[in-house]
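All ligand and atom numbering here is 1-based and tracks the order in the structure.
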Amino acid sequence: MSARRLAIRQPDEFTLSAAAKKEINMWVKKFPKGRERSALIPALWIAQKDAGGWLPEPALRLLGEMLDMAYIRVYEVATFYTMYNLEPVGTHYVQLCGTTPCWLRGSDDLIAMLKRKIGPQRSISDDGKLSWLEVECLGSCANAPMVQISNADGDHYYEDLTAESLEAVLDDLVAGRTPKPGSQSGRHTSEPAGGALALTTEKLSQARGKLKKLPNAGKKVAITEHAADPKGVRATSSGRKNTPKTLTPPKPVKNPKPSARKPVSKPQVIYTDGPTDGTPDDLKKIKGVGPKFEKDLNSKGIYYFRQIGAWKVADVKMVEDLIDSIPGRIKRDEWVKQAKVLAKAATKASKTKVKA
Ligand code: FES
């Protein structure tokens, strides 16, 4: 357990790229309604990648707003898991495994080289290209000692290392080359260093290293209700046999006749010329709308409770896309219902004012 704190120097603000937002929304949709906050772990990871390998403090606030979570909840998760970097890292970020198998196989030598070449843990080399951290087992113990190197190309394992071979890998990366990941001693995957001891007969070994695709790849397999049953027939608890049913896609529903079609509601939700209908309402009075959402809504031409109170389903969907809100959040927080009540109260208040 270690105390992990945010970096002292932080940027003023943080914005996610469109691709990162899309990926986070994809994760949010994987969780049941009301459980969207469960997407925080992948969302932090995506934000970290988007920020160049670390999590600036404004990114935590942004994710809190996106997932409708208190900042402290986001902070707790980000500071608990060591997979999140709270300080900037080098272009090539080395995580060195120092757990027992890697230690027995010489991780201390690698650490000495990293200290000499880069500096102490968490420091960044003078050219900004390298930084390193000792971590616990990365699950590649059979190829100890090993490191994971993360950069714009992804996260790659370099295994069976010596101080010399790791230094050569780092030199290649700094020079802009991409050294081949995997074993650096030349052995095939994790087979014994002296060569294979099993599957050595010609027949057994002929597929070694050659199996590029699954044997049934490309074959059309009928999808049955009992896909796990090879014959597609399985006895029920009553002893009766179920015959397999091939699942057929539902027939497409024909378009209803034009006369029967519901008129498409044209959302009257955007004021393209600004708040031309009087002083904007304080949208923060709607539970679930904070200062950021109010700013976003205003920037998209939404200023009044009556606008929001008039939204139909299509409008809600459109606004969610416009302001990058979690799908379903506006409905869950009942913005439309709240806005109707607030609009009514505002109208009543203004009439009373006129009478007075
Ligand atoms: S002990 Fe190093 S990868 Fe498992």
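Ring geometry for Phe293 versus Trp335: interplanar angle over 60°, hence perpendicular rather than tilted (30 to 60°).
Look at Ala144 and you'll find every heavy atom at least 4.0 Å from all atoms of ligand 1.
Using a cut-off of 2.8 Å, one finds that Cys97 contributes an N/O/S atom close to atom 2 (Fe) of ligand 1. In summary, no N, O or S atom of Cys141 is located under 2.8 Å from atom 2 (Fe) of ligand 1.
Remark: ligand 1 atoms within the under-4.0 Å shell around heavy atoms of Gly139 are 3 (S), 4 (Fe). For ligand 1 and Pro101, the ligand atoms under 4.0 Å from any heavy atom of the residue are 1 (S). The atoms of ligand 1 that sit less than 4.0 Å from any heavy atom of Cys102 are 1 (S), 2 (Fe), 3 (S).
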Run the side-chain hydrogen bond (donor to acceptor under 3.5 Å, both in side chains) check on Ser150 and Gln148 step by step: do they pass? CA-CA 6 Å; Ser150 304; Gln148 174 181 312; 3.3 Å; yes
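You'll find the ring centres of Tyr81 and Trp45 outside the 6.0 Å limit.
The hydrophobic cluster containing Met66 also contains Met69, counting ILVMFWY residues as joined when their side-chain heavy atoms lie under 4.5 angstrom apart, directly or transitively.
Tyr304 carries Arg306 over the face of its six-membered ring, with the cationic atom under 6.0 Å from the centre and within 45° of the normal.
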